[in-house]
Amino acid sequence: MSSDSPQKTVFQPVPAQPDYQAIQHRILKFWEQGRHFYRLMARNRGNPKFKFLDGPITANGPMGVHHAWGRTYKDLFQRYKAMQGFDQRFQNGFDCQGLWVEVEVEKELGFKSKRDIEKFGIDRFVEKCKERVLRFSRIQTQQSILIGQWMDWENSYYTMSEENNYSIWYFLKECHRRGLIYEGTDVMPWCARCGTAISDMEIATEGYRELTHPAVYVRFPLVEREGESLLVWTTTPWTLSSNTGAAVHPDLTYVRARLGDEVLILAQERLAVLGTDFRVLEEIPGSELAGLKYRGPFDELPAQQGVEHRVVLWEDVSANEGTGIVHIAPGCGKEDFLLGKEQGLAVIAPLLEDGTFQEGFDWLTGRFAGEVASDIFENLRSKGLLFCVEDYTHRYPVCWRCGQELVFRLVDEWFIRMDPLREEIMNSARQVRWIPEFGLDRELDWLRNMSDWCISKKRYWGLALPIFKCRCGWFDVIGSREELRQRAVAGWERFEGHTPHRPWVDEVKIACPQCGSPVSRIKDVGNPWLDAGIVPFSTTHYLSDRQYWQEWFPFDFITESFPGQFRNWFYAILAMSTVLEKCSPFKTVLGYATMKAEDGREMHKSWGNAIEVEEAVEKMGADVMRWVFARHNPVQNLLFGFKVGQEVRRKLLTFWNVYGFFVTYANIDQINPVKLQVEAEDLTLLDRWILSRLNSLVKLARNRLDDYDCMSVALAVEDFIEDLSTWYVRRNRRRFWKSAEDRDKAAAYYTLYQCIVTLIKLVAPIMPFITEDIYQNLVRSCDADAPDSIHLCFYPEPDEKMINLELEREMKMVRALVSLGHAAREKAQIKVRQPLSRMIVNIKSAGSRDWLLPYADIIRDELNVRELQFADPNELSGSGLVIQEDEDYVIGLDTSLTPELEYEGIARELVRKIQNMRKSAGFEVVDRIALSCQCAGKLEAAIRMFSDYIRQETLAQDITFAPLTDYDSVAEFVINNCPVRVEIKRERK
RNA sequence: GGGCCCUUAGCUCAAGUGGUAGAGCACUGUGCUGAUAACGCAGGGGUCAGUGGUUCGAGUCCACUAGGGCCCA
């Protein structure tokens with residue numbers, strides 16, 4: 001520091017702790033100005049390719065930390081491949097269309113229903129949706145940059161693009177050509193608020209909630225037997241209005257039971273429902289009940305006129321709940337619908353789009369199905385049909401976006417037939433490498449069970465399904481904008497210039513080849529998984545540039561969160577690619593589990609345990625957060641929070657301290673690492689050991705990352721840092737401190753420098769900021785020829801010649817032995833400062849002990865013993881030595897002290913005290929001092945005997961026993977029962 | 001009813017192809033003191049959910065059971 005020593009330091013001094021915030025800002029600016037990302041892309045252009053496909057993120061809000069988890073995987077594997085020179089597209093994707101966006105825009109605008117949207121204008125509404133998506137895609141881009149993700153942000157894909165939408169048209173046309181598209185009548189889960197069907201895929205994702213509903217027991221009086229009724233049970237009272245059948249199990253035993261003055265029929269196993277005052281008249285097998293006619297509970301309604309109600313057989317009836325007789329309303333439930341179809345029951349569809357009863361339901365008409373339960377009960381009671389009501393808790397489907405309880409509604413929807421594709425898609429799935437492997441089983445399970453893909457939605461913001469259906473029943477699918485233009489007979493001019501969205505595309509009419517009428521597009525928009533499913537093709541310009549597509553398809557790698565995606569994105573891309581190309585669009589998928597808060601619960605803002613991306617980056621640092629993700633086992637749920645962040649921070653701090661240590665002494669010694677001349681024979685055992693560890697680590701890192709396993713790498717790096725810090729640096733400190741500029745010192749600097757620089761390159765893909773910061777200081781500062789960013793370096797390659805596994809194994813044994821020595825000192829209560837004369841070692845295993853000899857110096861230094869001797873165990877016992885033992889060794893520590901040993905201990909103790917004084921007085925490491933030790937007896941003798949040592953360690957020019965005329969710091973101690981007054985003064989240069 | 005996953009120290013998690021159970025955190029003691037709002041060493045803590053099997057040998061492979069989770073019907 002002093003102005004009269006114009007030393008030129010090579011490296012910027014390293015602060016005690018990394019300021020992650022400052023480093024991030026500095027590095028982000030540095031990258032922006034240096035355009036390193038684009039230079040990296042350009043450098044690798046034309047090389048062998050690494051083909052990554054980004055699963056589109058929904059651009060409907062700021063992204064959360066759980067997205068940062070996935071983005072860390074995406075980023076680190078792309079960076080790793082880039083450092084190996086692979087040519088990549090680096091394309092990010094945004095998912096833009098769909099109900100989720102509509103719901104948020106409706107909230108913004110204060111809308112309650114579809115009527116509000118139509119009043120507002122579909123065109124304005126759709127523009128609002130586009131605006132929202134663009135707004136949040138910008139925010140998500142900024143957030144991604146903040147966490148260090150390198151992508152070609154100016155070239156992100158948007159699923160609302162024309163290319164994406166028209167690619168889906170092409171796909172649907174192909175499906176139609178193969179006869180897979182049909183309009184079906186089905187009972188679909190329906191959200192009355194959103195006014196749309198919810199597909200199975202969407203329900204599967206997050207569509208169930210534990211809910212309590214009133215369940216009702218109702219009498220269905222038999223037509224030919226007065227005073228006798230079927231007893232049925234249902235949890236959805238409103239569906240009784242549309243009852244047309246009652247189902248019994250053919251193999252169950254039913255009974256006729258007298259209760260008071262009536263006879264009730266129910267399953268024998270469910271008799272408890274009747275209480276205790278009943279008498280069983282007769283047992284009847286379910287099969288004999290088939291065909292019985294009964295009066296329906298709402299026969300008086302116009303919609304029920306002419307309907308015959310009868311008992312049918314059904315294998316799925318269970319006697320676990322209810323009465324064993326199931327109320328069947330084919331217009332209100334999926335299973336009911338299928339059974340009704342099979343048994344020829346009448347179908348009554350009670351509900352309109354908004355969930356209210358339609359015409360023909362008398363007092364129910366116009367009322368909302370979810371709110372009529374109590375009136376239904378009252379009505380049934382007045383007709384003498386109500387038996388009883390009880391609360392029933394079950395998992396019930398709700399709308400995954402707005403939370404509204406779903407109803408089941410008879411609707412016309414469009415489907416892709418999946419049976420003809422099932423086997424083919426399963427074959428595609430089998431081509432994929434699933435990480436973890438059970439992913440394949442999960443996917444196949446879904447594929448085996450999937451029903452036809454419902455692709456239509458009666459909404460506004462989404463893919464305009466290119467299906468044109470005439471009143472006469474004819475329909476066709478349009479495969480491209482050009483085809484639409486050619487076939488348009490009206491409205492083209494009102495569409496031209498717009499994206500293929502509602503309402504503009506709805507203006508176009510084509511001619512019906514059967515009846516000649518002008519035909520409109522069906523009003524429905526597409527299921528959003530079509531949007532995300534086509535991206536393997538749309539982003540590679542399948543339609544416009546087939547050669548480019550061939551270069552980039554299929555993709556090597558995708559990574560997304562497992563839960564949900566088997567039936568969503570994985571399914572969609574597999575299905576669509578199988579239709580178009582009969583293959584999987586990706587070769588490997590890495591799946592990861594779910595992020596939870598640190599308390600093990602889900603993250604919820606209202607619970608105060610949610611963490612936002614910006615907050616995480618600010619408080620723990622992007623690098624630390626990324627390391628938390630990288631070191632985690634992706635199969636397990638991740639409990640994320642600041643506590644785990646703090647643990648990781650401390651681990652990384654260990655490395656930072658090693659870096660700081662290097663810089664401190666390299667600056668004092670004016671070391672330029674580039675100019676170090678080191679020969680192989682200069683390397684010590686410890687040098688060769690840590691370099692072997694380093695090269696083993698490099699080898700492992702490449703091997704594991706090639707296998708998409710970053711956890712093993714992160715954990716191995718943590719181990720290495722531990723070894724580097726607590727063994728290599730600790731055992732070599734004196735080599736850096738000593739004043740002689742010899743080859744041994746150069747070897748130490750060389751080795752440590754190699755370790756640090758290789759390590760930062762190794763982990764640069766995981767922690768892009770701090771490694772860049774260290775690289776700039778450690779490499780760029782002294783090597784003008786080095787790439788100007790660490791991310792433009794090539795990934796380290798292992799030097800096999802440097803790997804010596806035997807050395808690594810032996811050093812492990814040595815460290816175990818040292819540990820035992822520390823334990824013996826601990827047992828004897830003797831500080832390491834106090835030198836001891838000898839330690840005796842017995843190695844239990846039979847083999848030679850010669851391997852240990854080269855390590856004797858290390859062991860003696862570490863344990864501060866003069867001599868290391870070998871002996872048999874029997875020589876150790878009863879020797880008066882302090883004995884310690886583990887599986888491999890028995891050791892004995894000789895604790896007897898000669899005066900000389902005691903004096904040395906005193907000298908070391910004194911040195912330590914003086915060093916403390918220097919430090920608290922604020923002296924620089926290199927400052928020289930004047931030293932006075934005022935004492936007598938043993939202490940004086942010790943100082944005289946070890947004065948050279950003391951002067952050397954404390955940088956004292958001289959030691960006097962008389963007071964100094966002037967001093968900077970003074971202290972009094974008692975060492976080994978002798979008092980001493982110490983004065984120190986910084987010497988002027 | 002069916003499929004898949006999980007269960008290792010008080011807590012959070014490791015233990016590629018079967019070979020004498022390990023970290024970090026927390027706790028206790030202690031050492032070191034120019035890496036220092038750090039660090040080292042030591043200690044207590046485990047019937048690796050349970051039972052049975054294969055094997056010279058099982059946390060690891062197989063079967064079943066229990067508990068937890070995800071999904072399908």
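Predicted model only: the values in this text are computed from it and were never measured. Note that these values count all heavy atoms, side chains included, but never hydrogens, waters or copies made by symmetry.
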Nucleotide B/G2, atom P - distance to CG of A/L447 in whole Å
21 Å
Quick one: ring-ring contact (aromatic ring centres under 6.0 Å, His included) partners of A/W434, sequence neighbours excluded?
A/F570
Please give, in whole Å, the distance from B/G22 C1' to A/E718 CD?
14 Å
All side chain to side chain donor-acceptor pair (under 3.5 Å) counterparts of A/N777, not counting sequence neighbours:
A/Y659
Integer angstrom distance from the C1' of B/U28 to that of B/A21
23 Å
Between B/A23 atom P and A/I721 atom CD1, what is the distance in whole Å?
18 Å
Using atom P in both nucleotides, what's the gap between B/C13 and B/A66 to the nearest angstrom?
26 Å
d(CZ, A/F642; C1', B/U12) in whole Å:
17 Å
How would you list, by chain and number, every residue that makes a side-chain contact (heavy atoms from CB on, under 4.5 Å) with A/T235, sequence neighbours excluded?
A/A215, A/W233, A/Y392, A/H394
Within the sub-3.5 Å range, which N or O atoms of nucleotides 64-66 of chain B have a protein N or O partner, and how far apart are they?
none

Nearest-nucleotide 5' precedence on RNA chain B, A/N449 against A/W727
A/W727
Could you write out each protein N or O paired with an N or O of nucleotides 24-27 of chain B at a distance under 3.5 Å?
{"residue": "B/G24", "atom": "O2'", "partner": "A/E647", "partner atom": "OE1", "Å": "3.4"}
{"residue": "B/C25", "atom": "OP1", "partner": "A/R650", "partner atom": "NH2", "Å": "3.2"}

Is there any protein nitrogen or oxygen under 3.5 Å from a nitrogen or oxygen in nucleotides 4-8 of chain B, and what are the pairs?
{"residue": "B/C4", "atom": "O2'", "partner": "A/R442", "partner atom": "NE", "Å": "3.1"}
{"residue": "B/C4", "atom": "O2", "partner": "A/R442", "partner atom": "NH2", "Å": "3.3"}

What distance, rounded to whole Å, do you find between the two P atoms, one in B/U65 and one in B/C5?
16 Å
I'd like the C1' distance from B/C71 over to B/A63, given in whole Å.
24 Å
Going by the rule side chain to side chain donor-acceptor pair (under 3.5 Å), which residues pair with A/S696 if we only count those two or more places apart in sequence or in a different chain?
A/E808
Partner residues of A/Y592 under the ring-ring contact (aromatic ring centres under 6.0 Å, His included) criterion, sequence neighbours left out
A/W69, A/Y73
Roughly how far apart, to the nearest Å, are B/U60 and B/G18 at atom P?
12 Å
Sequence-distant partners of A/F661, ring-ring contact (aromatic ring centres under 6.0 Å, His included), two or more places apart
A/Y665, A/F736
Given Watson-Crick and G-U pairs under 3.5 Å, RNA chain B in dot-bracket ([ ] crossing, | other strand) is (((((((..((((.....[..)))).(((((.......))))).....(((((..]....)))))))))))).
Could you tell me how far B/A9 sits from B/C56 if I compare only their P atoms? Round to whole Å.
31 Å
Polar pairs (N or O, both sides) under 3.5 Å between protein and nucleotides 32-34 of chain B?
{"residue": "B/C32", "atom": "OP1", "partner": "A/R833", "partner atom": "NE", "Å": "3.3"}
{"residue": "B/C32", "atom": "OP1", "partner": "A/R833", "partner atom": "NH1", "Å": "2.4"}
{"residue": "B/C32", "atom": "OP1", "partner": "A/R833", "partner atom": "NH2", "Å": "2.8"}
{"residue": "B/C32", "atom": "OP2", "partner": "A/R833", "partner atom": "NH1", "Å": "3.1"}
{"residue": "B/C32", "atom": "OP2", "partner": "A/R833", "partner atom": "NH2", "Å": "3.1"}
{"residue": "B/C32", "atom": "O5'", "partner": "A/R833", "partner atom": "NH1", "Å": "3.0"}
{"residue": "B/U33", "atom": "OP2", "partner": "A/R833", "partner atom": "NH1", "Å": "2.6"}
{"residue": "B/U33", "atom": "OP2", "partner": "A/R912", "partner atom": "NE", "Å": "2.8"}
{"residue": "B/U33", "atom": "O2'", "partner": "A/N916", "partner atom": "OD1", "Å": "2.9"}
{"residue": "B/G34", "atom": "O2'", "partner": "A/Y665", "partner atom": "OH", "Å": "2.8"}
{"residue": "B/G34", "atom": "O6", "partner": "A/R918", "partner atom": "NE", "Å": "2.8"}
{"residue": "B/G34", "atom": "N1", "partner": "A/F923", "partner atom": "O", "Å": "2.8"}
{"residue": "B/G34", "atom": "N2", "partner": "A/F923", "partner atom": "O", "Å": "3.3"}

Between B/A35 and A/T654, counting only base atoms on the nucleotide and side-chain atoms on the residue, is there a donor-acceptor pair under 3.5 Å?
no
A/K334 has an atom NZ; how far is it from atom C1' of B/C72, in whole Å?
13 Å
Given the C1' atoms of B/G59 and B/G19, what is the spacing between them in whole Å?
13 Å
By nearest-nucleotide position on RNA chain B, the 5'-leaning member of A/P634 and A/L724 is A/P634
How close do A/A630 and A/I766 get, heavy atom to heavy atom, and via which atoms?
CB-CG2, 3.6 Å
Could you measure between the two C1' atoms, the one in B/U51 and the one in B/U7, and give it in whole Å?
16 Å
Quick note, salt bridge (charged side-chain N to carboxylate O under 4.0 Å, His left out) partners involving residues 432-450 of chain A, not counting sequence neighbours, are A/R433-A/D707
Side-chain N,O (A/N657) to OP1/OP2 (B/C39) below 4.0 Å:
no
Residue A/L653, side-chain atoms from C-beta onward, closest of B/A38, B/U12, B/A14
B/A38
